[in-house]
Amino acid sequence: MGLGFIVGVFGVLILSHAAYSTIQYRGLLKIMEEEFSGPPMNVVLELLLGFVFCIWAALTVPGNFHSIHPDSEENRIVSLSANLDFMIFNHRAKAFPLEIEMKLKH
Amino acid sequence: MISKTEESQLNRLENQVDNGGGGAWEYLCLVRKLKVRRSEKVLKHGLSILNDAKQRSALGPEEWTLYEQLALAAMDCHCPDVAKDCIKVLQKKFPESKRVGRLEGMLLEAKGSWAEAEKAYSSLLEDNPLDQVIHKRRVAMAKAQGNVSGAIEWLNKYLEIFMADHDAWRELAEIYVSLQMYKQAAFCYEELILSQPTVPLFHLAYADVLYTLSGLENLQTAKKYYASTIDLTGGRNTRALLGICLCTSAIAQLSKGRNKEDKESPELQSLAATALEKDYKQRASDKLSLLTSALRSLKI
């Protein structure tokens, strides 16, 4: 979790540095009065690198993903809840009293 | 509806608490959330929390829910004194409360004084004639006294008003099955499947009822519902796999004389048989020979 977090922060920093370089490059082009066709090559590389770092961090930091299939091993329904609204009390457990005397002490 | 992860979590917490490893409050919350009926354990661990003044004060306002849960568990384990004490505490805190009135009615039920419980419930219903839980308690009381036809009557009246209550439909289906009125039980299961189509256990119960009713169309529909159960549980429900094998052989027996075009392909039965054998080999390999001989006799 620590490594993923650091990589994520690093990726965000790279992306912001790439944004800053592009803004500076545009300012430079305005001075030289040329058309802005696209950011320079190294900024594009920096963007891709930052993107890869951020995606990797986003997938590793949250931990294990839960399955969404209703028939997967974890999500499958194994039993229904006991119908407690219709619970009746005169069942055979009356013949098996509890061994320990239970009392509410106050 | 309890999923496999929730069940394993419950068992793990139960083991932990039973062996003295703390976590009683989480266990009680999980039991309340999943609505399972583990009254002895709830009674034991709930009393251990409530008898300890420090733990009791740490609960804060959740204390009263624990008292209610404990009262129900005590009634289920036949300790009416504990239940009476819990209800007294709740009455002191919440006088004139309907929930506490309901608990008192249930205590009278548990003690066996049916007439007084009936009086208590009727008086509660006068103030609030549309209280669902009290209606359901009346049905439960009729069932407990052995008056099953009365229970069915009350339950039908209840379902005319509250048609969306799937617990009530489930209860009615189970009562009909116990009385062998399978057509009516099939109707109730159809209602359940309509309202909750993703719960495989209703499909399974419906298929069981249809298989019991027998007759060619019923068997074919039962086979379809066994197949949908297998689909919804990822192939892990042994009963549905066996159901497919039994249905196919019953259909083959019934349509032996007729020269219908053979649209029943034997693939489904052989697939189900293979899946069953694999499952048995993994989980109960000493019973595998029983299974293979039973399947062989079905294929004839």
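In what follows, chains carry the letters A, B, and so on, assigned in the order in which the sequence lines appear, proteins first and then strands, with residues in each chain numbered from 1.
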Heavy-atom contact with chain A under 4.5 Å, split by part of B/D81: neither

Within 6.0 angstrom of B/R239 CZ, more than 12 heavy atoms from elsewhere: no

Can you confirm whether B/E40 is buried at CD, in the sense that more than 12 heavy atoms of other residues, nucleotides or ligands lie under 6.0 Å from that atom? no

Counting heavy-atom pairs under 4.5 Å with chain A, which one of B/L72, B/D85, B/L201 comes out on top? B/L201

Just verifying a value: how many Å separate A/F86 CZ and B/I175 CD1, rounded to the nearest 0.5 Å? 7.5 Å

Under 4.5 Å between any side-chain heavy atoms of A/I77 and B/P200, yes or no? yes

What is the minimum heavy-atom distance between B/R137 and A/L84, and which atoms define it? NH1-O, 4.1 Å

A/H91, NE2: over 12 other non-hydrogen atoms inside 6.0 angstrom: yes

Against chain B, work out which of A/S72, A/S79, A/P97 has the most heavy-atom pairs shorter than 4.5 Å and name it. A/S79

Hey, is CZ on B/F162 packed in by over 12 heavy atoms from elsewhere, all under 6.0 Å? yes

Scanning both residues in full, the closest heavy-atom pair of B/T233 with A/D71 reads C-CB, 3.9 Å

Sub-3.5 Å donor-acceptor pair from the side chain of A/D85 to the main-chain atoms of B/K136, do we have one? no

Are A/F89 and B/M106 packed together at the side-chain level, in the sense that at least one heavy-atom pair is separated by less than 4.5 angstrom? yes

Side-chain heavy atoms of B/K4 within contact of A/N75, under 4.5 Å: no

In the structure I gave you, are the side-chain heavy atoms of B/I2 and A/L80 within less than 4.5 Å of one another anywhere? no

B/R37, CZ atom: more than 12 neighbouring heavy atoms under 6.0 Å: yes

Just give me the residue among B/Q145, B/K44, B/K35, B/E6 that pairs up with chain A most often, heavy atom to heavy atom, under 4.5 Å. B/K35

Applying a heavy-atom distance below 4.5 Å, give me the residues of residues 152-159 of chain B that approach chain A, sorted by number. B/L155

What closest approach, in Å, do A/E74 and B/T5 show between heavy atoms, and which atom pair accounts for it? O-OG1, 3.0 Å

For a 4.5 angstrom cut-off between non-hydrogen side-chain atoms, does B/W114 reach A/N90? yes

So which of B/N237, B/L232, B/V36 has the largest heavy-atom pair count under 4.5 angstrom toward chain A? B/L232

Would B/C79 and A/L98 count as a side-chain contact (heavy atoms from CB on, under 4.5 Å) here? Give the steps. CA-CA 9 Å; B/C79 302; A/L98 298 170; 3.7 Å; yes

Measure A/K94 against the heavy atoms of chain B and call it side chain, backbone, both or neither at under 4.5 Å. both

Donor-acceptor pair, side chain of A/R76 and main chain of B/G235, under 3.5 angstrom: no

Looking only at B/K143, B/R56, B/M141, most heavy-atom pairs under 4.5 Å shared with chain A are made by B/R56

If you take all heavy atoms of A/M87 and B/A140, which pair is closest and at what distance? O-CB, 4.1 Å

With a 4.5 angstrom heavy-atom cut-off, which part of B/A53 approaches chain A: side chain, backbone, both or neither? neither

Please indicate whether A/F10 has more than 12 foreign heavy atoms, meaning atoms of other residues, nucleotides or ligands, lying under 6.0 Å from its CZ. no

Are B/S3 and A/V78 packed together at the side-chain level, in the sense that at least one heavy-atom pair is separated by less than 4.5 angstrom? no

Side chain, backbone, both or neither of B/E7 within contact of chain A (heavy atoms, under 4.5 Å): side chain

Heavy atoms from other residues, nucleotides or ligands near CG of A/L28 exceed 12 (cutoff 6.0 Å): yes

Under a 4.5 Å heavy-atom criterion, the part of residues 46-58 of chain A in contact with chain B comprises none

